[in-house]
Amino acid sequence: MTDSASEPYDLAVVGAGPAGLAGAVAAAELGLGVVLLDASAHTGGQFYRQPAPQARAARPEALHHDWSAYAGLRRRLAESSARHLPGHHVWSITHEAPAWSVHCLTGDDGSDAQPVQVRARAVLLATGAYERHLPFPGWTLPGVVSAGGAQAMLKSGLVLPGRRIVVAGSGPLLLAVASSLAAAGARVPALVEASGYLAYARHPRALAANPQKTAEALVHGAALLRHGVRLRSRSAVTAVHGTDRVEAVTVTRLDRTWRPVQGSGRRIACDALAVGHGLVPQIELATALGCATRTSADGTSALVLGPLQETSVRGLWAAGETGGVGGVRLALAEGELAGIAVAARLGAGRARGSRIVQLRRRRDRMRAFADAMAAAHAPGPGWRRWLTDDTDVCRCEEVTAGRIREAVDDLGARDARTVKLLTRAGMGWCQGRMCGPAVACLAARDGAPEPPPERRPFAVPVPMSVLAQCADQPNTAP
């Protein structure tokens, strides 16, 4: 197990997206020794994903909103004493008083399996989120990509998943994806939103306190009108058609519980489908350490955070989507607030009480809107009616909806863990990250509360050789 060269650090930040960048810069500028760890080769995370060098993009900022905020943070990071370690995949965090140990694998995808241990007095988790996938017949056909995946293809490779692309699912990300695909030259015949945007009207105070969110929606709406993209709300893609790849989709009206309305299906020709049903906070590192969680209005689990972004485990902070999905501006505010709070705890820098008050107000205002957004786009239980018995739910292990229903109805499974044991759903390479929410929903009885998130000992796959090295060094074992 290799130790990082200039240890111990005051603060280790995991994740170099907006929240991680803001936290690292704020803490470093207040005098802390900071190390910024990220799996990617570049800072920016998923939001500020940049084109590969081979693409030779002349103006990468044209694909982004708020690029100036990122450019400023990137400049400040370069001018600070913070150390950026790209290509570091964090698989576990342990606490050996008085310091934390962050265990990493290095390389573009962690495949070279060079273990590294970074020690620090405090840790800030800014690990972001991943997309929630709700299966439907045909979703495994080539040409079906996630909504975020379509945006990533455009941002990092300057390519489109198709020429005629339907965008579907639920959540505000769809607006940005549809408008960016259309602006890049794709024909987008429909944006299919399972929820209704009028649900935001139930939260007038959150809307009034965040006028920039309404302005963003209007900008995207104007772009959709300009490119002739038709919005179909209270609807969903309930089937994909094709042989070797996507040829068409069926769009069906939904009732308020997301059940398909009989006889309302309409077929739309396309050669690609970009689909996503919101984001799921990535909190495996935190839950493995016993951090308390809460259930968001959209059914996902997020971390319980204190007034200054500290988790329920002392010395461990979190910012950004880990505390609930809320967008880039909220992530920036939470990251900076966490960085200042860590510096104050460790006795670095001058007191910045006025800035803390300002950031807390900003965070609370935007968090209220995030909660309203989660409630507006929460999946209804009726989506399960989309599934035929032969629909694959777990793609890795090819477990169908019929097998999961059999485990629940005939074998007595009442939770995702039991379904996993009976069917292998969630035991594949992604370890349930794609199918987990769907399996949990299919396993739960109507009206049953969402189960707590699983405590995973490893956040990413770890070779046995690395575990053997840890076993040889008890102080660094997970």
Side-chain angles (χ1 to χ4, degrees), residues 1-7 9 11-21 23-24 34-50 52 77 82-95 100-120 123-131 148-149 152 156 279-289 291 316-322 335 396 428-434 436 453-471 473 476-478:
M1 179 71 68
T2 303
D3 284 351
S4 185
S6 54
E7 296 184 274
Y9 296 95
L11 173 65
V13 180
V14 182
L21 271 175
V34 177
V35 60
L36 177 61
L37 305 156
D38 194 77
S40 176
H42 306 284
T43 60
Q46 297 299 319
F47 189 85
Y48 293 115
R49 181 185 284 266
Q50 299 157 58
L77 179 71
R83 183 179 181 188
H84 175 218
L85 296 180
H88 279 60
H89 303 253
V90 178
W91 59 273
S92 179
I93 299 175
T94 56
H95 190 214
W100 295 86
S101 292
V102 182
H103 304 275
C104 317
L105 296 175
T106 61
D108 290 341
D109 57 4
S111 59
D112 61 5
Q114 293 299 314
V116 173
Q117 177 186 254
V118 175
R119 292 178 62 80
V123 174
L124 169 58
L125 297 176
T127 46
Y130 52 88
E131 283 192 87
S156 62
L279 300 174
V280 179
Q282 191 164 327
I283 58 175
E284 292 92 342
L285 289 169
T287 54
L289 291 165
C291 292
L316 185 67
W317 279 262
E321 315 291 42
T322 53
C396 299
W429 182 253
C430 81
Q431 287 293 286
R433 287 173 177 81
M434 286 193 69
E454 293 183 353
R455 294 183 63 171
R456 301 174 182 267
F458 310 134
V460 298
V462 184
M464 291 296 292
S465 59
V466 172
L467 298 181
Q469 291 184 53
C470 290
Q473 299 182 16
T476 62

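Because only heavy atoms are used, hydrogens play no part in the values below, and waters and symmetry mates are left out as well, while side chains stay in. Counting from 1, the numbers follow the sequence of the chain as shown. Owing to the predicted nature of the structure, the values given are computational and were not obtained by experimental measurement.
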Are the side chains of Pro463 and Leu105 in touch, meaning some heavy atoms are under 4.5 Å apart?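 Sidechains of Leu105 and Pro463: in contact.
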Would a 4.5 Å heavy-atom cut-off, applied to side chains only, mark Phe458 and Gln431 as touching?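 Phe458 does not reach Gln431 side chain to side chain.
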Which atom of [X] lies closest to which atom of [Y], heavy atoms considered:
X	Y	answer
Ala459	Arg433	O-NH2, 2.7 Å
Pro281	Tyr130	O-CE2, 4.3 Å
Leu21	Ala16	CG-O, 3.6 Å
Trp91	Val460	CB-CG2, 3.4 Å
Ala12	Val102	CB-CG2, 4.1 Å
Ala319	Leu124	N-CD1, 4.0 Å

From [atom1] ([X]) to [atom2] ([Y]), nearest 0.5 Å:
X	Y	atom1	atom2	value
Ile283	Glu321	CD1	CD	12.5 Å
His88	Asp38	NE2	CG	11.0 Å
Trp317	Thr322	CH2	OG1	14.0 Å

Strictly distance-based, threshold 3.5 Å: is any side-chain N or O of Thr127 a donor or acceptor partner for the main-chain N or O of Gln282?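 Indeed, once roles are kept as given, a pair shorter than 3.5 Å links the two residues.
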Looking at residues at least two apart in the chain, or sitting in another chain, which of them share a side-chain hydrogen bond (donor to acceptor under 3.5 Å, both in side chains) with Glu131?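 Ser146.
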What residues, two or more places apart in sequence or in another chain, satisfy side-chain hydrogen bond (donor to acceptor under 3.5 Å, both in side chains) together with Thr43?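 Here the qualifying residues are Tyr70.
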Begin with the C-alpha distance, continue with both residues' side-chain angles, and end with the deciding distance and a verdict on side chain to side chain contact (heavy atoms under 4.5 Å, CB included) for Cys104 and His89. CA-CA 5 Å; Cys104 317; His89 303 253; 5.9 Å; no
Using side chain to side chain contact (heavy atoms under 4.5 Å, CB included) as the criterion, list what pairs up with Leu316, not counting sequence neighbours.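 Partners of Leu316 under the side chain to side chain contact (heavy atoms under 4.5 Å, CB included) test: Trp100, Val123, Leu125, Leu289, Cys291, Thr311, Val313.
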